[in-house]
Number of protein chains: 2
Amino acid sequence: MTEPKTPDAAAPTGPAKKHPRDGKPHATIYDIARVAGVNPSTVSRALSKPGRVSAKTQKLIEDAAAELNYQVNPFARALPTGRTNTFGLIVADITNPTFFDIIRGAQTTATVRDYTLVLAESAESGATELTAARRMMATVDGLILASPRMDDDDIRVLARDKPVVVINREVDGVPCVVPDVHKGISEAVRSLAANGHTKVAFVAGPQQSWMSARRWEGVQAACEWSRLEAVRLESTKPTVDGGRQVARDVRASGATAVLTYNDLLAIGLMQELQAAGMVVPDQISIVGFDDIFGADFTTPPLTTVRSPLGECGSGAATLLLDLLHGTGDPAATLRVETELVLRGSSGRLLPAG
Amino acid sequence: MTEPKTPDAAAPTGPAKKHPRDGKPHATIYDIARVAGVNPSTVSRALSKPGRVSAKTQKLIEDAAAELNYQVNPFARALPTGRTNTFGLIVADITNPTFFDIIRGAQTTATVRDYTLVLAESAESGATELTAARRMMATVDGLILASPRMDDDDIRVLARDKPVVVINREVDGVPCVVPDVHKGISEAVRSLAANGHTKVAFVAGPQQSWMSARRWEGVQAACEWSRLEAVRLESTKPTVDGGRQVARDVRASGATAVLTYNDLLAIGLMQELQAAGMVVPDQISIVGFDDIFGADFTTPPLTTVRSPLGECGSGAATLLLDLLHGTGDPAATLRVETELVLRGSSGRLLPAG
DNA sequence: CAATTTTTGGCAACCGGTTGACAAACGCCC
DNA sequence: GGGCGTTTGTCAACCGGTTGCCAAAAATTG
């Protein structure tokens, strides 16, 4: 490049390769071997293969390691073995609180099982997601995809390389964690029917969302069973803002109860309807999905079909870790139960007046 | 351990070392070298040192790499160089939405600058935090500590090893990103004074929280300036639940306006006071801190002193990355501005009646 | 006490890149 | 065409662990 040639002017603070920043380089197994008076390979075994060396040398080595306060170099270990004790989690959108709980669940399980979590997001784009996934694949032992936007086939290709677990979607041949919408939705619809509602609107989520399709199916089925009329409305995006925007369609639909693809839509919708002077739930009932953080901050607090998101995250992590350790079914689907959380935003319809 | 001795029963699916799961092992620079008819080191240079090889061989090598769809092995690269293109972020509590925005900001910046973010949490414990930090240090190029709970000295020790940036706290000699509470708080207190309040309570956060101390100082100073009385109340924990618990102390204090250490406390407090029949803001004004996600879901929506958390996250990441690339001041403090977000939970005190 | 089995530790190759030193090849000028 | 400086590519050592194989040492047995 355009660098001056004077060699001694090159390194200002001179971060000599190995020395992290200041003083001494980190201790290696060779240092330990020297201190303990044994061979490096013996140190390696003492530190990773329990029972392979005699108790005496074990102690010798451990003492030396402690003295030098040795820490394994994860890269040196990963290079020959391929194991990193790390797994990746890719979410569609970090902005979306749905994923907060999933992240938390996965993170917790990771820590407990002595793994490290690496996080990435796909910005709701299948292409970005695939890129992120590919990049991650190189550094992790396995991957969790939460609400993936990429094709089934892409997922399967990834899964051939290393264990992959999918959340909120079912992909043939890949282990999945999916909330079973049935119970929660039928509870919700039955509750609405019992409160005198006859026409229910469903505000759908993104087109590519597998989950949105399942929820609409569930709503249709439950409405049919309870002999309610169900109409589907589209949203522009699955956010609070999207909820506000769909408000006029909701009013135009003539439905007296609304289920939305997720809580954010429900919250935005409720805000907009209230701003227009409607009273919730007297004039319209609103039911969300997921029971995200903050769903009970609203007035009235939001009735919602709870998906145990934290459980999804930790369940997926457990599935993955089991897979990594050889136990666990490589094509198991973990179904978690949904349930209605009845709060104030749904209830009996008051006669107009 | 208690493992059976039969050696051939050990590997059920027998994952042959290198082969990820199924077929062929990944391509290496040696493979590329063979295909392109050059030396491996030439391949290495072509792929990482732009301009070091001739355009002709460059192309030759790139084609071969594309054909074999080569991906560098990050471990092999990290081993000699020590660089990983990864940095860590440790937050006190993933449950706490304050950190959501910080995570998001950091993550975004990381992606833009082609870094990977590794996440960990400390469960609000200084000891856990230090352990997590130590563990991470080995695998990352740098570290961001958000609202750290460990000692200043521990932080400085870490910072000697690799670049560290701290959010929400000031540590001498370590680059920090801190919201400057002054502007936001004085706006808030002035607004309260203008609305006829004379006695203000501050609900404090965790003892070890540097930020809580700064906020209390800020409130005291601003109250003095506006000639309001300020009292300090303690909370058990900085959560919605903690907010509920502190409600009786708040009533007992006789204050007509409350500032809380964070929004969660404010939300919990408001819920509890409303449940007890008090009207917000007619009987009591409530002001939170941070403007977290969901702060505007409440009724009335929460007035709060906004800290630009996303900006903190991205700012810290930028600081760190600059440090890693040699630019950037190793002891700079980035101050971000706070501001009052006036919503419905604060206002004029109505005469009792 | 010798013979045999089991432990235990050492040797050396390997994982897949990076990099300093050096030599061959090249372009340029007189 | 010889002398000189610059590219460009090669060699070989190295990063720090892991692991198969073997021999020495220790424990067990007849």
Side-chain angles (χ1 to χ4, degrees), chain A residues 1-3 5 7 10-11 15-20 24-61 64-65 68 70-85 138-139, chain B residues 5 7 10-11 15-20 24-34 36-61 64-65 68 70-85 138-139:
Chain A
M1 322 287 231
T2 57
E3 215 178 359
K5 267 304 183 61
K17 279 297 113 52
K18 295 294 88 186
H19 313 200
K24 59 204 170 222
H26 279 164
T28 71
I29 56 169
Y30 296 91
D31 300 325
I32 298 180
R34 197 166 349 98
V35 171
V38 297
N39 188 285
S41 60
T42 305
V43 176
S44 172
R45 286 199 254 270
L47 264 27
S48 50
K49 297 248 172 28
R52 179 63 220 283
V53 303
S54 69
K56 203 173 53 193
T57 31
Q58 178 83 32
K59 172 124 180 35
L60 213 59
I61 288 170
L68 298 171
Y70 167 80
Q71 307 226 115
V72 288
N73 179 327
F75 308 114
R77 173 172 286 176
L79 192 46
T81 62
R83 281 176 297 99
T84 66
N85 265 41
T139 53
Chain B
K5 270 300 182 65
K17 279 294 116 49
K18 296 290 89 186
H19 313 200
K24 60 206 168 220
H26 279 164
T28 72
I29 56 168
Y30 297 90
D31 299 325
I32 298 180
R34 197 165 349 96
V38 298
N39 189 285
S41 56
T42 305
V43 176
S44 172
R45 287 200 248 269
L47 264 28
S48 49
K49 297 249 171 29
R52 178 65 221 284
V53 303
S54 69
K56 204 172 53 190
T57 30
Q58 178 81 31
K59 172 124 179 35
L60 213 59
I61 288 169
L68 298 171
Y70 167 79
Q71 307 226 115
V72 288
N73 180 326
F75 307 114
R77 171 171 289 175
L79 190 45
T81 61
R83 282 176 297 100
T84 66
N85 265 43
T139 53

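Below, chain A is the first sequence line, B the second, and so on; all start at residue 1.
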Please walk me through it: do B:Thr28 and B:Asn73 pass side chain to side chain contact (heavy atoms under 4.5 Å, CB included)? CA-CA 8 Å; B:Thr28 72; B:Asn73 180 326; over 6 Å; no
Please lay out, stage by stage, how A:Tyr30 and A:Val43 fare under the test side chain to side chain contact (heavy atoms under 4.5 Å, CB included). CA-CA 8 Å; A:Tyr30 296 91; A:Val43 176; over 6 Å; no
Which of these nucleotides, D:dG16, D:dT18, C:dG17, is closest to any side-chain atom of B:Ile29? C:dG17
With no hydrogens and no angle check, is any side-chain donor or acceptor of A:Thr84 less than 3.5 Å from a backbone partner on A:Thr139? yes
d(B:Tyr70 OH, B:Ile61 CD1) to nearest 0.5 Å is 11.0 Å
What is the distance, to the nearest angstrom, from the CZ atom on B:Arg83 to the C1' atom on C:dT18? 9 Å
Rounded interatomic separation in angstrom, taking CG from A:Asn73 and C1' from D:dG17: 7 Å
Between protein and nucleic acid, restricted to nucleotides 8-14 of chain C and to nitrogen or oxygen atoms under 3.5 Å apart, what atom pairs and distances do you find?
{"unit_1": "C:dG9", "atom_1": "OP1", "unit_2": "A:Ser54", "atom_2": "OG", "d": "3.2"}
{"unit_1": "C:dG9", "atom_1": "OP1", "unit_2": "A:Thr57", "atom_2": "OG1", "d": "2.7"}
{"unit_1": "C:dG9", "atom_1": "OP2", "unit_2": "A:Ser54", "atom_2": "N", "d": "3.2"}
{"unit_1": "C:dG9", "atom_1": "OP2", "unit_2": "A:Thr57", "atom_2": "OG1", "d": "3.2"}
{"unit_1": "C:dG9", "atom_1": "N7", "unit_2": "A:Arg52", "atom_2": "NH2", "d": "3.2"}
{"unit_1": "C:dG9", "atom_1": "O6", "unit_2": "A:Arg52", "atom_2": "NH2", "d": "2.7"}
{"unit_1": "C:dG10", "atom_1": "OP2", "unit_2": "A:Asn39", "atom_2": "N", "d": "2.6"}
{"unit_1": "C:dG10", "atom_1": "OP2", "unit_2": "A:Thr42", "atom_2": "OG1", "d": "2.7"}
{"unit_1": "C:dG10", "atom_1": "N7", "unit_2": "A:Arg45", "atom_2": "NH2", "d": "3.3"}
{"unit_1": "C:dG10", "atom_1": "O6", "unit_2": "A:Arg45", "atom_2": "NH2", "d": "2.1"}
{"unit_1": "C:dC11", "atom_1": "OP2", "unit_2": "A:Asn39", "atom_2": "ND2", "d": "2.9"}
{"unit_1": "C:dC11", "atom_1": "N4", "unit_2": "A:Ser41", "atom_2": "OG", "d": "3.3"}

Between D:dT18 (P) and A:Leu79 (CG): distance, integer Å: 11 Å
According to a strict under-4.0 Å criterion, is B:Lys49 in side-chain N/O contact with OP1 or OP2 of C:dT18? no
The criterion is salt bridge (Lys or Arg N to Asp or Glu O under 4.0 Å); which residues satisfy it with A:Lys59, sequence neighbours excluded? A:Asp63
What is the distance, to the nearest angstrom, from the CG atom on A:Leu47 to the P atom on D:dT19? 13 Å
Could you tell me how far apart A:Arg77 (CZ) and D:dC15 (C1') are, to the nearest whole angstrom? 16 Å
Using a cut-off of 4.0 Å on non-hydrogen atoms, how would the nucleic acid contact of B:Thr28 be classed: base, sugar-phosphate, or nothing? sugar-phosphate
Rounded to whole angstroms, how far apart are NE2 on A:His26 and P on D:dG16? 11 Å
With B:Ser41 via side chain to side chain donor-acceptor pair (under 3.5 Å) - residues at least two apart: B:Asn39
Please report the distance, rounded to the nearest Å, between CD in B:Gln71 and P in C:dG16. 14 Å
